[in-house]
Amino acid sequence: MAANAPPPPPKKDLVADWQRLARVFIRPEDDDSRATLIKYMERILFGLHDFLKRHVGITEARSLRELSQNYMRTDISEEPEKKLADVIACLINETAPHAVNVASPYFVGHMTSAIPFFMVHLKTIVAALNQNVVKLETSKVVSVIEKQVIAKIHRLIYDFEEDFYLAHVQNTETTLGVFTEGGTTANLTALWVARNAKFAAKNEFSGIENQGIAAAYQAYGVDRCVILASRLVHYSLRKSAGILGIGNNNVIPVDTDKNHRIDINALEQTISRIRSESPKTCILAAVGIAGATETGTVDPLGPMADVCRRHNIHFHVDAAWGGPTLLSEKYKHLLAGIEKSDSVTIDGHKQFYMPMSCGMVYFRDPELLDVIEYHANYVNRRGSVDLGIKSLSGSREANSLILDSALKIMGSQGYALLIDHGIQTAAAFADEIKSRPDFELVTRPVLNILTYRYCPQKIQQALKRENQDRRCSLNSEINRVNRDLQRLQREAGYSFVSRTTLQGDPACGENLVVLRAVIMNPMTDMKILREILDEQQNIAARFCAPDLPAV
Ligand SMILES: *Cc1c(COP(=O)(O)O)cnc(C)c1O
């Protein structure tokens with residue numbers, strides 16, 4: 001045989017043929033497939049359960065660059081490569097250890113965390129039923145269950161009378177809200193609705209959705225639209241402004257007060273300034289945040305709603321994070337005023353503890369969603385309960401089944417326990433940070449998110465007394481230390497706190513690098529949080545702080 005002849009083809013024990021293919025489709029009449037289903041399900045559930053128990057760190061130490069070397073092949077193998085049992089084993093034993101154990105109570109950096117175990121069962125049901133709620137013909141009762149759970153959350157937000165909900169809960173003409181893929185598409189839907197409502201059909205003009213931006217602006221004598229929000233607004237609002245043709249430069253930042261909440265006078269002034277300086281500018285919407293992604297802060301929703309109503313501006317509340325706080329009797333007052341909004345975004349995969357991914361958007365006016373109505377000949381027929389009629393998504397999974405079941409399993413009281421734990425633990429964590437001379441609390445928690453930084457007391461004091469040049473250079477050093485510290489802690493793999501930047505002293509031209517903690521895992525307690533601070537203190541003392549300037 002020539003030295004460079006291709007190797008003989010591998011022995012084929014795995015082949016793709018009709019007989020085998022038929023076996024992998026679920027056939028309930030067949031007892032064999034039943035046993036097979038159960039066997040694999042057991043392997044998955046117990047395998048992952050054991051993994052989560054064993055795997056206490058956040059992730060294994062191998063670098064992403066090293067791992068990516070295993071994922072270079074780009075051809076699709078013609079014949080099957082692995083049996084299901086091997087694929088499951090491989091996912092559990094080889095992939096999972098290098099994924100991120102977001103369920104770890106030491107993982108306090110992001111809005112993704114442990115979920116109740118029953119969510120895995122519920123997600124399996126959704127996958128097995130494989131309903132498509134875009135249309136009644138592929139979902140039937142699931143669509144009316146979705147309308148019911150939408151009404152439940154609408155009621156949690158807006159709390160209208162019983163009669164209102166009886167009139168709308170199963171009304172095929174009206175819509176109280178829609179499920180989306182996440183907060184981003186929920187925010188996009190809200191602004192899409194606001195835009196279309198503002199540029200509705202009139203006279204010869206048949207509406208912005210129909211004729212586009214240029215015709216709309218001309219019909220209304222407008223040359224620009226703007227959206228008002230604080231600097232802390234989630235970037236999805238800028239993305240939405242881009243997609244909707246408004247332009248993300250036209251998301252205008254409104255000044256915040258020292259607690260990072262929109263300054264209501266600044267909002268009034270911004271509106272007056274725009275109205276007097278550029279009468280052809282349309283103020284499309286204002287966005288209040290209920291749980292800012294970076295700081296967890298809540299804008300003054302009630303006063304914002306009043307200003308918006310007075311000026312005829314759509315008021316959207318981005319409660320992607322904070323929405324479920326409404327389930328807590330103790331803390332729902334933190335979102336007071338949300339009931340005066342025109343629309344509200346809430347994420348299911350955040351504080352409803354649902355698996356990825358689920359968002360929702362709600363509208364005070366059950367007819368407002370009519371402005372994004374679409375029909376097609378084969379689906380979404382007029383007057384039907386086809387949920388795809390007024391929705392950005394087409395085909396869509398039945399996430400409502402998960403939320404509705406979770407609400408039944410947990411009760412509002414169950415969720416309240418989680419919310420209360422997060423808020424109270426974050427407050428205790430803030431006290432702990434303040435008590436440690438090496439750390440500085442940057443934003444105190446309103447909900448369950450806080451930011452802080454490593455900044456030894458001596459430097460904190462120097463920052464107060466030094467001149468501006470020196471202050472800026474010290475801050476710059478501290479920024480570097482916190483950047484390194486966060487990276488080293490993440491790479492060590494025991495715990496995870498995230499990092500972001502907040503607005504710093506404008507004179508320095510550099511933002512403030514801060515560490516960000518999100519407390520949503522009910523297993524995260526003060527003992528763990530103290531350990532996390534200890535670890536940071538040790539890392540800083542060993543690797544980061546030695547080059548700090550003497551003060
Ligand atoms: C998470 C978040 C979003 C974006 O939601 P996704 O589900 O990630 O698309 C928007 N706004 C706020 C306030 C958020 O916390």
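Numbering starts at 1 and runs along the sequence shown. For ligands, and for the atoms within them, numbers begin at 1 and follow the listed sequence.
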In terms of relative ring orientation, are Y217 and F199 parallel, tilted or perpendicular, with 30° and 60° separating the classes?
tilted
TODO: Determine, for D306 against R309, whether the closest basic-nitrogen to carboxylate-oxygen distance falls under 4.0 angstrom.
DONE: no
Only distances under 3.5 Å count here; give the side-chain donor-acceptor pairs of residues 236-243 to other protein atoms, sequence neighbours excluded, each with its distance to 0.1 Å.
residue, atom, partner, partner atom, Å
S236, OG, N187, ND2, 3.1
S236, OG, H234, ND1, 2.7
S240, OG, S236, O, 2.7

Could you list each nitrogen or oxygen of ligand 1 that sits under 3.5 Å from a protein nitrogen or oxygen, with the atom names and the distance?
residue, atom, partner, partner atom, Å
ligand 1, 5 (O), G183, N, 3.3
ligand 1, 5 (O), D347, OD2, 3.2
ligand 1, 7 (O), G183, N, 2.8
ligand 1, 7 (O), D347, OD1, 3.4
ligand 1, 7 (O), D347, OD2, 2.8
ligand 1, 7 (O), H349, NE2, 2.9
ligand 1, 9 (O), G183, N, 3.3
ligand 1, 9 (O), T184, N, 2.8
ligand 1, 9 (O), T184, OG1, 2.6
ligand 1, 11 (N), D318, OD1, 3.3
ligand 1, 11 (N), D318, OD2, 2.6
ligand 1, 15 (O), T293, OG1, 3.2
ligand 1, 15 (O), K350, NZ, 2.9

Here the pair of heavy atoms bringing G322 nearest to Q351 is CA-NE2, 4.2 Å
Looking only at heavy atoms, the pair that brings R195 and I213 closest together is NH1-CD1, 4.1 Å
>> Between N475 and R453, is there a side-chain donor-acceptor contact under 3.5 Å, judged purely by atom types and distance?
In response: yes
